[in-house]
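Only one structure is covered here, and it is reproduced in the block below.
Every heavy atom of this structure was used, including side-chain atoms; hydrogens, water molecules and symmetry mates were not. Chain letters run A, B, ... following the sequence lines, proteins first and then strands; every chain starts at 1. These numbers come from a predicted model, not from an experiment.
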Protein chains: 2
Amino acid sequence: MLKQEVDTVIAERMVGLVNNNSVIREMFEEGKRLAGIYGAENVFDFSLGNPSVPAPEELNRAVKDILDEEPSIFVHGYMSNAGYEDVRATIADSINRRFGTSFNQSNIIMTVGAAGGMNVIFKTILNPGDEVLTFSPYFVEYNSYVSNYDGKLVAIDPDTETFQANIEDLERKITPKTKALIINNPNNPTGVVYSEETIKKVAAILDAKQKEYGTEIFIVSDEPYRELAYDGVEVPYITKYYNNTIVGYSFSKSLSLPGERIGYLVIPDEVDDAEQMKTAAAIATRVLGFVNAPSLMQRAVARCIDAKCDVDSYNRNREALYNGLVKLGFECIKPQGAFYLFVKSPVPDEKEFCNVAKKHNVLLVPGSSFKCAGYVRIAYCVSYDTIINSLPRFAEIAQEMGLSR
Amino acid sequence: MLKQEVDTVIAERMVGLVNNNSVIREMFEEGKRLAGIYGAENVFDFSLGNPSVPAPEELNRAVKDILDEEPSIFVHGYMSNAGYEDVRATIADSINRRFGTSFNQSNIIMTVGAAGGMNVIFKTILNPGDEVLTFSPYFVEYNSYVSNYDGKLVAIDPDTETFQANIEDLERKITPKTKALIINNPNNPTGVVYSEETIKKVAAILDAKQKEYGTEIFIVSDEPYRELAYDGVEVPYITKYYNNTIVGYSFSKSLSLPGERIGYLVIPDEVDDAEQMKTAAAIATRVLGFVNAPSLMQRAVARCIDAKCDVDSYNRNREALYNGLVKLGFECIKPQGAFYLFVKSPVPDEKEFCNVAKKHNVLLVPGSSFKCAGYVRIAYCVSYDTIINSLPRFAEIAQEMGLSR
């Protein structure tokens with residue numbers, strides 16, 4: 001059976017993605033299959049990072065008010081490719097209030113979610129052959145976001161002690177071709193929040209390397225989980241620590257709007273060649289086919305810029321699942337952000353762990369999907385009942401895998 | 001003064017786009033500047049293809065109903081990258097009802113407008129060096145949509161007699177590297193509707209060339225203006241004439257929603273390797289950073305699939321402006337679609353025509369912006385008053401340019 005034709009109708013660059021896709025798809029299908037056999041309430045699907053709490057009531061209220069109050073041609077119409085000026089000003093003000101920055105509307109480019117923003121910024125800055133670093137474990141889509149523009153993603157080895165940034169390996173892997181470092185804070189899949197100390201160390205190294213090589217190295221800070229932080233931890237605003245920082249934000253998690261595709265880039269004036277960069281990012285938004293971020297949602301998020309989804313629900317899940325798993329003998333860093341636990345596999349090959357879990361109707365994602373084998377990701381953005389009812393299953397899994405306690 | 005640095009911070013591929021952008025931007029700025037001096041009502045800006053009629057009332061009603069009736073996590077959440085299955089089924093049914101096709105939901109991929117859809121399909125099919133043909137004059141963004149994936153756009157010479165397809169030049173320009181032909185029907189900027197006869201001729205040539213070269217040549221039919229057709233003219237549904245046809249549609253014009261970025265691709269089962277193509281297009285949607293078309297708008301357009309904006313308003317503008325201009329001695333094909341007139345310049349260099357018009361506070365786009373010098377585009381998606389009040393200005397322009405009548 002031929003798995004891959006030599007001569008394909010689709011683009012050759014898509015063939016690998018299509019073949020790979022089936023792996024992820026299998027997990028979806030498996031979840032559905034199990035739910036069909038055992039009932040949805042007896043299947044514990046921790047595979048998806050899909051918000052489990054509704055959008056705040058203010059959001060739907062804002063949408064309705066906008067439709068009543070603002071003219072259709074304006075609300076549903078084209079605006080500048082970078083977004084409505086008033087929306088961008090509202091966002092800049094909000095960032096300034098919260099983080100003591102001094103942005104204005106010109107620093108904000110509205111994007112089709114964080115994924116759209118990442119594509120826009122890499123289109124804007126990458127030349128063929130440029131290298132983009134990121135800390136492992138990482139969201140694998142970064143590979144596409146970089147290779148779409150003929151860049152090369154270079155993974156920095158994980159620090160499995162703390163899952164903070166591996167500073168030594170970062171320093172080792174910067175070359176004259178390094179154009180950017182992606183930081184995902186809080187992190188998917190570990191849930192770790194990179195501390196101010198970590199960020200300062202990273203900034204110092206990048207500053208030194210920029211001087212050494214006479215290049216620009218940008219931090220691209222991917223922050224869809226910024227508002228999901230617990231225990232009062234602060235998520236550093238990286239533009240304050242390093243000039244060549246570009247922030248990518250999304251309302252997907254903070255307002256539970258992942259399907260709406262609404263976010264923004266921050267391009268500070270401190271960035272090298274900021275004016276040209278801002279212009280280019282707006283053009284990249286247009287030519288990549290986004291044209292602009294969805295108009296009604298731009299106006300809606302501006303109206304509820306201070307609203308938040310029910311972060312406490314996620315925190316309750318985090319506490320219950322983390323404590324439950326540790327009690328059963330599983331090893332895991334207690335994460336302070338996002339909605340993931342990154343649990344050490346009791347056996348070296350975490351796919352075996354995933355297979356055992358699946359026998360108990362518990363679906364986990366292998367760490368190798370995030371380029372960090374030996375761990376699994378548990379997305380706890382599920383109902384609290386699912387968390388509680390899954391614990392007896394995890395107990396069975398622990399027993400089967402020989403965990404003592 | 002250096003116009004272009006040798007060593008730029010932004011990607012080299014963006015530099016040309018940034019420099020070019022200023023040309024278009026100048027027109028925006030000029031409009032604003034003139035409005036500031038003479039008052040907005042005395043400036044006649046025919047430069048923008050932005051719908052001038054509101055979205056139908058059903059659309060806003062649908063949005064509000066959805067927010068009241070459907071769960072937040074569902075309405076604002078992730079779904080399949082290709083879109084909600086029920087929305088895609090509704091769209092397939094609607095196309096089938098109207099055009100006698102037999103699509104199902106698997107043939108529909110929801111996209112971030114037509115521009116998003118074009119990027120998705122070219123990501124899906126183009127290998128580096130592939131050629132994509134299109135009939136001049138054409139929407140210049142096609143250059144980016146193709147070059148984003150390392151393809152090369154090849155323009156077919158215009159047939160300035162009728163502005164129907166130049167079949168001879170199409171045949172001449174097909175090579176073994178030709179992967180696609182973009183057809184924009186109704187056409188921007190001419191407003192011409194390619195007839196069934198034209199489409200049949202095109203299909204016959206492509207079929208013959210596919211056989212001759214043993215290649216696949218796709219028609220990518222870009223149809224944002226499909227519903228804007230006048231005089232009862234029929235816009236052929238090209239999948240019925242040619243198997244390797246992919247349709248890109250947008251609700252931007254039909255429902256006056258350009259800012260919302262909502263449209264779809266149709267990938268018929270008759271297309272070569274259709275299954276792989278459909279899978280690849282969904283993946284391309286994800287990896288390009290669209291992830292999915294905006295969720296609430298997907299559900300909204302499905303609820304008012306049979307609604308239309310006020311096409312009669314555009315038609316009234318068309319008649320008034322066309323008749324007015326012809327009476328003044330201007331030459332122009334009477335267009336049957338979209339909301340553009342493509343008027344022959346009274347002098348060979350149409351930029352001179354644009355400059356004279358600007359002196360009379362009338363803003364036109366030179367045809368060279370659509371790779372067809374000697375003509376100008378007039379976007380009549382403005383208020384009827386603007387049309388009527390502009391006619392005395394056009395009379396002054398005609399006189400200044402020596403048009404007799």
Side-chain angles (χ1 to χ4, degrees), chain A residues 8-14 17-18 21 50-52 54-55 60 63-64 67 71-73 75-79 112-113 115-119 123-127 141 144-145 148-149 216 256-261 272-273 276-277 279-280 283-284 286-292 294-297, chain B residues 8-14 17-18 21 50-52 54-55 60 63-64 67 71-73 75-79 112-113 115-119 123-127 141 144-145 148-149 216 256-261 272-273 276-277 279-280 283-284 286-292 294-297:
Chain A
T8 56
V9 173
I10 63 165
E12 285 160 28
R13 292 187 281 210
M14 291 302 297
L17 288 168
V18 169
N21 198 50
N50 206 3
S52 54
N60 287 354
V63 170
K64 291 178 184 175
L67 294 180
S72 172
I73 291 175
V75 172
H76 301 303
Y78 285 130
M79 81 300 305
V112 172
M118 299 287 276
N119 273 274
K123 174 81 172 174
T124 301
I125 64 174
L126 291 186
N127 287 312
E141 295 281 304
S144 290
Y145 301 166
N148 283 343
Y149 310 102
E216 298 87 24
S256 288
L257 299 174
E260 302 296 356
R261 315 309 303 132
D272 286 332
D273 261 2
Q276 202 179 30
M277 181 88 68
T279 304
I283 295 172
R286 194 186 76 222
V287 300
L288 289 174
F290 301 110
V291 182
N292 54 250
S295 51
L296 174 60
M297 275 302 148
Chain B
T8 57
V9 173
I10 63 165
E12 286 160 28
R13 292 187 281 210
M14 291 302 295
L17 288 168
V18 168
N21 197 48
N50 205 3
S52 55
N60 287 354
V63 169
K64 291 177 184 175
L67 294 180
S72 172
I73 291 175
V75 172
H76 301 302
Y78 285 129
M79 79 303 303
V112 171
M118 298 287 276
N119 273 273
K123 173 81 171 172
T124 300
I125 64 174
L126 290 187
N127 287 312
E141 296 281 303
S144 291
Y145 302 165
N148 283 343
Y149 311 102
E216 298 86 25
S256 288
L257 299 175
E260 302 296 355
R261 315 309 302 135
D272 286 331
D273 262 1
Q276 202 179 27
M277 181 88 67
T279 304
I283 295 172
R286 195 185 75 223
V287 300
L288 290 175
F290 300 110
V291 182
N292 53 252
S295 51
L296 175 60
M297 274 304 147

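Among A/Ala55, A/Gly77, A/Ser52, the residue making the largest number of heavy-atom pairs under 4.5 Å with chain B is A/Gly77. For the options B/Pro258, B/Ala280, B/Pro294, B/Ala284, heavy-atom pairs under 4.5 Å to chain A are most numerous at B/Pro258. For the options A/Ala11, A/Ser72, A/Gly113, A/Ala115, heavy-atom pairs under 4.5 Å to chain B are most numerous at A/Ala11. Considering only heavy-atom pairs separated by less than 4.5 Å from chain A, the leading option among B/Val75, B/Val112, B/Val63, B/Leu296 is B/Leu296.
Between B/Phe290 and A/Asn119 there is no side-chain heavy-atom pair separated by less than 4.5 Å. Side-chain contact between B/Arg13 and B/Asn148 is absent, with no heavy-atom pair separated by less than 4.5 Å.
Applying the ring pair (Phe, Tyr, Trp, His ring centres under 6.0 Å) rule to B/Tyr145 yields no partners; only residues at least two apart in sequence or on another chain are considered. In this structure, A/Ser256 has no side-chain hydrogen bond (donor to acceptor under 3.5 Å, both in side chains) partners at least two apart in sequence or on a different chain.
Residue A/Glu216 touches chain B through its side chain alone, counting heavy-atom pairs closer than 4.5 Å. Residue contact with chain B, scored on non-hydrogen atoms closer than 4.5 Å, involves the backbone of A/Leu126 exclusively. Both the backbone and the side chain of A/Met277 come within contact range of chain B, each with at least one heavy atom under 4.5 Å from a heavy atom of that chain.
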Working for side-chain contact (heavy atoms from CB on, under 4.5 Å), residues B/Gln276 and A/Val9: CA-CA 9 Å; B/Gln276 202 179 27; A/Val9 173; 5.8 Å; no
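Here OH of A/Tyr149 is found 10.0 Å from CE of B/Met14. Values are rounded to the nearest 0.5 Å.
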